[in-house]
Amino acid sequence: MTLPIVSTPIPPPGDEIELLARASALAGYNLGELAAHAGLVLPADLKRDKGWIGVLLERYLGASAGSKPEQDFAAIGVELKTIPVDSRGRPLETTFVCVAPLTGNSGVTWETSHVRYKLARVLWIPVEGAREIPLTRRRIGTPLLWSPSPEEELLLQNDWEELMDLIVLGRVEHITARHGEVLQLRPKAANSRALTKATGEFGQPIMTLPRGFYLKKTFTGPMLARHFLV
DNA sequence: AACTGATCATCT
DNA sequence: AGATGATCAGTT
């Protein structure tokens, strides 16, 4: 297996087969090898570069880079997610999905939600994430091209509806990360001083911490496990 | 081990 | 301010 040339931006994949082939070709390489081959300087750790691995893999796979509110592979409708895993392939972190809308939610439904859109088709790439492993030696795992099963989608929908109901009812500040079986709502902000508009208990406008939807490890764990078992 | 709030970089 | 890419680190 040989690494693709990445010194020049590589074109988006034409279809899922091509995308999966590119991702599969990266499996087994470590971050030091991929960084060197791409001519990038690997950070000492991820403390100040939390999205570094995601950006690196975007580059190798031909994702439309940057911060556009679109899927990573818009043309083929696929989202890319790297997920840090332990030695047994279990997730080490929750997975950010998208920012939660805290205002203007009258009439929003699961069918039209950003969560459903983002998760409709995801290329999961596990990456060794144990902190004992130096960043340079952490290896890329086998990719998984995934869509939620009917059961998984129902779990997601139920949680999304529960959380959105609370938001609409002005109870966003009462929501904890325990609400939801598989989806949780937590801060997603530059820092604790960042505020956004929301609706309060009495329907009044309030300023609160921006929130995001995250997939719990109890969701992504079994999802990955099933894949690597089969 | 899960939860929880906080945080970092970059771009539009 | 809010989107992209997420992980850190203390507490329970």
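To find a chain, count down the sequence lines: A is the first, B the second, and so on, and within it residues start at 1.
Using a 4.5 Å heavy-atom cutoff, the side chains of Thr199(A) and Pro205(A) are not in contact. Taking the side chain as every heavy atom from C-beta outward, Glu79(A) and Leu123(A) never approach each other to under 4.5 Å. Side-chain contact between Glu173(A) and Glu201(A) is absent, with no heavy-atom pair separated by less than 4.5 Å.
The aromatic rings of Tyr60(A) and His37(A) sit parallel, their planes meeting at an angle under 30°, below the 60° perpendicular limit.
Sequence order on DNA chain C of the closest nucleotides to Cys98(A) and Pro84(A) puts Cys98(A) first from the 5' end. Residues Arg90(A) and Leu185(A) both approach DNA chain B. Their nearest nucleotides, taken by heavy-atom distance, put Arg90(A) toward the 5′ side. Nearest-nucleotide mapping onto DNA chain B: of Arg193(A) and Thr218(A), the residue sitting toward the 5' end is Thr218(A). Mapping Pro210(A) and Gly129(A) onto DNA chain C via the closest heavy atom, the residue that lands nearer the 5' end is Pro210(A).
Summarising the geometry, the separation between CZ on Arg186(A) and P on dA6(C) is reported as 14 Å, rounded to the nearest angstrom. Atom-to-atom, CZ of Arg138(A) to P of dA6(C) comes out at 15 Å; the value is rounded to the nearest Å. Atom-to-atom, NZ of Lys50(A) to P of dT10(B) comes out at 14 Å; the value is rounded to the nearest Å. Summarising the geometry, the separation between NZ on Lys217(A) and P on dT7(C) is reported as 11 Å, rounded to the nearest angstrom. If you measure from atom CZ of Phe96(A) to atom P of dA9(B), you get 18 Å, rounded to the nearest angstrom. Spacing between atom CD of Glu93(A) and atom P of dT7(B) amounts to 16 Å, rounded to whole angstrom units. As rounded to whole Å, 21 Å separates atom P of dT4(B) from atom CG of Asn191(A). Between the CG atom of Leu195(A) and the C1' atom of dA1(C) there is a distance of 11 Å, given to the nearest Å.
Look at Thr94(A) and you won't find any side-chain N or O under 4.0 angstrom from OP1 or OP2 of dT7(C). Taking 4.0 angstrom as the limit, Thr82(A) places a side-chain polar atom (N or O) nearer than this to OP1 or OP2 of dA6(C). Between Thr196(A) and the phosphate of dG2(C), there is a side-chain N or O to OP1/OP2 separation shorter than 4.0 Å. Here Arg178(A) reaches the OP1 or OP2 of dT4(B): one of its side-chain N or O atoms lies under 4.0 Å away. For Arg131(A), a side-chain nitrogen or oxygen approaches OP1 or OP2 of dC8(C) to under 4.0 Å. Here Arg48(A) does not reach the OP1 or OP2 of dC8(C): none of its side-chain N or O atoms lies under 4.0 Å away. For dA3(C), neither phosphate oxygen OP1 nor OP2 lies less than 4.0 angstrom from any side-chain nitrogen or oxygen of Lys118(A).
Counting any heavy atom pair closer than 4.0 Å across all strands shown, Glu79(A) reaches sugar-phosphate atoms only and no base atom. Residue-level contact check: Ala194(A) touches neither bases nor backbone, having no heavy atom under 4.0 Å from any strand. Backbone-only engagement by Leu209(A) is indicated by non-hydrogen atom pairs under 4.0 Å involving sugar-phosphate atoms exclusively. Residue Gly51(A) is in base contact, counting any heavy-atom pair closer than 4.0 Å across all strands shown.
Closest contact between the side chain of Val99(A) and the listed nucleotides dA3(C), dC3(B), dA6(B) involves dA3(C).
In this structure, Leu163(A) and Leu183(A) approach most closely via the heavy-atom pair CD1-O, 3.9 Å. Closest non-hydrogen pair, Leu57(A) versus Ile125(A), comes out as CD1-CG2, 3.8 Å.
Put simply, the side chain of Lys188(A) and the base of dG5(C) share a donor and an acceptor less than 3.5 Å apart.
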